[in-house]
Number of protein chains: 2
Amino acid sequence: MTETFKPPSQADVAALAGVSSQTVSRVANERSNVDEETRQRVLSAMQVLGYRPNSAARALVTGRFRMLGVISFSLSAHGNSRTLQAISEAAQTAGYSVNLVGPESQTGGAMRKAFSKLTGQGVDGIIMIEAQILDHPDLRLPSGVPVVVADGDPDQLHPSVDNNQAVGAEAATAHLLGLGHRTVWHLAGPQDSYSARRRAAAWFSTLKRAGAPVPAVLYGDWSAGSGYAIGRRLAEDKDVTAVFVANDHMALGLIKALREAGREVPRDVSVIGYDDIPESGFFHPPLTTVHQDFEEVGRLCVSLLLDQLAHGHRPGGEERSMVTPQLVVRESTAPPPR
Amino acid sequence: MTETFKPPSQADVAALAGVSSQTVSRVANERSNVDEETRQRVLSAMQVLGYRPNSAARALVTGRFRMLGVISFSLSAHGNSRTLQAISEAAQTAGYSVNLVGPESQTGGAMRKAFSKLTGQGVDGIIMIEAQILDHPDLRLPSGVPVVVADGDPDQLHPSVDNNQAVGAEAATAHLLGLGHRTVWHLAGPQDSYSARRRAAAWFSTLKRAGAPVPAVLYGDWSAGSGYAIGRRLAEDKDVTAVFVANDHMALGLIKALREAGREVPRDVSVIGYDDIPESGFFHPPLTTVHQDFEEVGRLCVSLLLDQLAHGHRPGGEERSMVTPQLVVRESTAPPPR
DNA sequence: ACAGTATGAACGGACACTTGA
DNA sequence: CTCAAGTGTCCGTTCATACTG
């Protein structure tokens, strides 16, 4: 067994530099009232010892950990890991670290548990990524810690950042309609997903506004496999000439099913995806889709949270930031056949 | 501004329960020598007050945070986010939380910085995901904190968990050779990637052992775009009948480029990928690839780390766990033309 | 002597004061 | 009276030790 490694303390640095621990504290916190010559001496003593302020001790007295909690149910969803990455970077540049927890399920109870685990760890604020509270929509979290919700259900009382699903889904649907399709089918994400519901709603209203018939919504689970399964059914209906799919993965599966049934994309059927994952331009055919800026979402979450931290909790009630998506037209959409 | 929220302390609970704070501490830590009746009284007092032990104070005295640090350069790589997810889950069930940091670059300096940031935060152990130290391969991390390296350069002195790249790459290459191809080209990942180098090495030695000619290695950057660019060049060489691509994303781009050049997969060229991302079975054609079990890697990392924590640091020198990948044969590989 | 409980250090750092020029 | 540097007490827990019926 290696002997226990004892990290150097303020006192050790102070001793080496020949000053009091208070002065070391001042240097560490970049206070003004310390002589430049002394400062240098302390700094080099820190260097020599490899001193790192003990965050536990600091947090104990300041009450702040400089740590952000992130609750994310699934990292396998493309958008979530991108958002997390952006959050991590933004937090880091602001001098915060990120504490990640995944709730056991998407129930209010599990959420509350994850939440209190985080507050118990002493986080200064919490970001919930794509938080769907399935069983109890109006979850009241214990207050005291600022919260920001990313791409989640905004029925709540917390500020939120969201990709503007309405704009994206409308652009997708309108693009297809503009190409001359009589109407547009919709393969949606799971019904319990807030984003999926928003996309479906915008698709619906765009159709309505255009006076187009509204086909029954189809539901997948975001996976390529579910897109494939639905695609097989859809391929049998020759009326289907345009499908707006709620994410790129499902679109991939759908296209495969259509092709296998002898229906070419975009010749017979136009397909549009959502997300614009880095691979979608290399699909066969290259996928027309809606680009989402997850990096921006992550950055916004952090800055909103930091604002709350700085100015007291939730200055102006329910704040809501929207990030605008962008239609990316590639080769999976075309005018209808004949 | 809302009034400052002051969390209840041990002392508050003690006062309410009519015991000393010491007793509360015993209850919180599930010590034996507490009267059951007293214990219940304390427990309900905790309930009422919503007491959560202050982890800063606890960590200050115990020196342990029950927190694992994870260093991951990029979460956009499929494998990394999967591994992280698994780590997070495993850590959670063991009662640990996860502190995530992304180093600014893959240099020894940035790594050391990330590392010391984590130790400063008081993590009990650190997992480095896909840690390539580019400028200074034999990075000596300050000791005192157990470390496990996942899918990284094992020249180091830390236990590591790795997908067995040799087995996977050999299986891929042998599969192609077995189909009757005279030899197999290789589109590798970036040269600074340890995994990429391992795959290339195994491809090389498999070719050698079979007495097959060894074409020059091609290098991509893991992205579909780079696979596409290389694919355009490769398509011109009619000798190319089989390509082993170091990941599925690049394989997607490569196939697109081949198709555009009029070379059908697998009729004219066989392509095999690596990773088995969930979408690869829905590519056109469905991609033959090598499945990696990232979940297992994540779990192993945590259990190795926890072992070190329990039994003192690094019981038996350099430990190395290997997770065996699996060849998944789909439809992008076939015997060579003619 | 024994169960259970109370007591007073630390732990490392920040902050309000105080002191010395 | 300003500016640098030092002193003392506290943050919430745990642990060793002393205490009590």
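Atoms considered below: every heavy atom in the structure, side chains included; atoms not considered: hydrogens, waters and symmetry mates. Bear in mind that the values here come from a model prediction, so they are computed numbers and not experimental data. Residue numbers start from 1 in every chain, and the chains themselves are labelled A, B, ... in the order their sequence lines are given, proteins ahead of strands.
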Task: Between dG12(C) and dA5(D) - P atom distance, rounded Å - done: 25 Å

Whole angstrom value for the distance that separates [atom2] of [N] from [atom1] of [X]:
X	N	atom1	atom2	result
R58(A)	dC10(D)	CZ	C1'	17 Å
N54(B)	dG13(C)	CG	P	16 Å
R64(B)	dC15(D)	CZ	C1'	16 Å
F65(B)	dC11(C)	CZ	P	17 Å

Open item on the list: Once side chain to side chain contact (heavy atoms under 4.5 Å, CB included) is applied, do any residues pair with Y51(A), and if so which ones, sequence neighbours excluded?
Closed with: P8(A), Q10(A), V13(A), M46(A), P53(A)

TODO: Only counting residues at least two apart or in another chain, list the ones meeting side chain to side chain contact (heavy atoms under 4.5 Å, CB included) with Q22(A).
DONE: S20(A), S25(A), R26(A)

TODO: Check the surroundings of atom CD in E30(B): do more than 12 heavy atoms from other residues, nucleotides or ligands lie under 6.0 Å from it?
DONE: no

Task: Selection from dG13(C), dT14(D), dT5(C) that lies nearest to any side-chain heavy atom of T23(B) - done: dT5(C)

Task: Candidates dG13(C), dG12(D), dT5(C) - which lies nearest the side chain of L60(B) - done: dG12(D)

How far apart are the closest heavy atoms of [X] and [Y], and which atoms are they?
X	Y	result
S81(A)	L75(A)	CB-O, 3.5 Å
K117(A)	Q92(B)	NZ-CG, 3.9 Å
R66(B)	Y96(B)	C-CD2, 3.3 Å
D151(A)	S195(A)	O-OG, 3.9 Å
S88(B)	V98(B)	CA-CG2, 3.9 Å

Task: Name of the residue among L305(A), I126(A), D307(A) meeting side-chain contact (heavy atoms from CB on, under 4.5 Å) with P146(A) - done: L305(A)

Open item on the list: Applying a 4.0 Å non-hydrogen cut-off, can you work out what V19(A) is touching in the nucleic acid: base, sugar-phosphate, or nothing?
Closed with: sugar-phosphate

Looking at side-chain heavy atoms only, is the closest gap between [X] and [Y] below 4.5 Å?
X	Y	result
S321(A)	L304(A)	yes
L118(A)	V145(A)	no
I71(B)	P103(B)	yes
M128(A)	M111(A)	yes

Open item on the list: Counting primed atoms plus P, OP1 and OP2 as sugar-phosphate and everything else as base, spell out the protein contacts along nucleotides 15-21 of chain C at 4.0 Å heavy-atom distance: B, S or - for each nucleotide, 5' to 3'.
Closed with: BBB----

Open item on the list: Expected output is a numbered-order residue list: members of residues 35-42 of chain B with a heavy atom under 4.0 Å from any atom of DNA chain C. What is it?
Closed with: D35(B), T38(B)

TODO: Look at S20(A) and dG6(D) and indicate whether a side-chain polar atom (N or O) is within less than 4.0 Å of OP1 or OP2.
DONE: yes

Any N/O pairs under 3.5 Å between the protein and nucleotides 18-21 of chain D? List them or say none.
none

Task: Overall bend - the helix from dC2(C)-dG21(D) to dG13(C)-dC10(D), comparing terminal axes fitted on five pairs, nearest 10 degrees - done: 30°

- [ ] Could you tell me whether R41(B) and E37(B) have a side-chain N and a carboxylate O separated by less than 4.0 Å?
- [x] yes

